[in-house]
Amino acid sequence: MDSQLKKGLIEYCVLASLVEYDSYGYQIVKEIYPHIEITESTLYPILKRLETNKQVATYSKIHNGRLRKYYHLTDLGIASIQNFLREWQDVEAIHQFIRRSVEE
């Protein structure tokens with residue numbers, strides 16, 4: 001998959017992974033990995049960008065004696081997912097155009 005396309009999709013996968021419950025980095029990777037390949041070294045810059053853009057918020061909790069950083073989806077993050085889903089129709093139209101061009 002094209003790296004730029006993958007980069008954009010990973011951001012939405014990260015947001016989607018936080019819809020039902022807050023999570024931490026390693027767990028987010030485990031949840032997303034079956035759908036799109038991602039590593040923690042790829043994830044953390046994305047999480048930082050999402051936090052800067054106020055699409056996720058963070059808080060820390062002690063787990064097994066260690067401080068763990070959790071990520072929480074904000075209303076702006078939910079709006080981003082909803083916008084992505086509305087715009088997906090445009091992506092599908094482009095896909096169909098490209099597909100038709102090679103099938104003719």
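- Here the OH atom belonging to Y21 is positioned 14.5 Å from the NE2 atom belonging to H72, to the nearest 0.5 angstrom.
- The heavy-atom pair separating V29 from T39 by the smallest distance is CG2-C, 4.0 Å.
- Taking NZ from K54 and OG1 from T74, the interatomic distance works out to 9.5 Å, rounded to the nearest 0.5 Å.
- Note on L76: it does not cluster hydrophobically with F84, by side-chain heavy-atom contacts below 4.5 Å among ILVMFWY residues.
- Rounding to the nearest 0.5 angstrom, the gap separating the CD atom in Q55 from the CG atom in N53 is 5.0 Å.
- In this structure a side-chain-to-backbone donor-acceptor pair under 3.5 Å is present from T52 to K48.
- Between the CG atom of L50 and the OG1 atom of T58 there is a distance of 12.0 Å, given to the nearest 0.5 Å.
- No chain of hydrophobic side-chain contacts below 4.5 Å, direct or via other Ile, Leu, Val, Met, Phe, Trp or Tyr residues, connects L43 to Y26.
- Hydrophobic clustering places F97 together with I94 (ILVMFWY residues linked when any side-chain heavy atoms are closer than 4.5 Å, directly or through intermediates).
- Closest approach of Y59 to D22, counting heavy atoms only: OH-OD2, 2.7 Å.
- Rounding to the nearest 0.5 Å places OG1 of T42 at 10.0 Å from CD1 of I36.
- The structure places CG of L73 at 4.5 Å from CD1 of I78, a figure rounded to the nearest 0.5 Å.
- The environment of CD in Q89 is sparse: at most 12 heavy-atom neighbours from other residues, nucleotides or ligands sit within 6.0 Å.
- Side-chain N or O atoms of S60 include none that pairs as donor or acceptor with a backbone N or O of L67 at under 3.5 Å.
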Return a table of donor-acceptor pairs under 3.5 angstrom between the side chains of residues 5-20 and protein atoms on other chains or two or more places apart.
{"unit_1": "K6", "atom_1": "NZ", "unit_2": "E37", "atom_2": "O", "d": "3.1"}
{"unit_1": "E11", "atom_1": "OE2", "unit_2": "R49", "atom_2": "NE", "d": "2.9"}
{"unit_1": "E11", "atom_1": "OE2", "unit_2": "R49", "atom_2": "NH2", "d": "2.8"}
{"unit_1": "S17", "atom_1": "OG", "unit_2": "V14", "atom_2": "O", "d": "2.7"}

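- Y24 is linked by a ring-ring contact (aromatic ring centres under 6.0 Å, His included) to Y70, counting only residues two or more places apart in sequence or in another chain.
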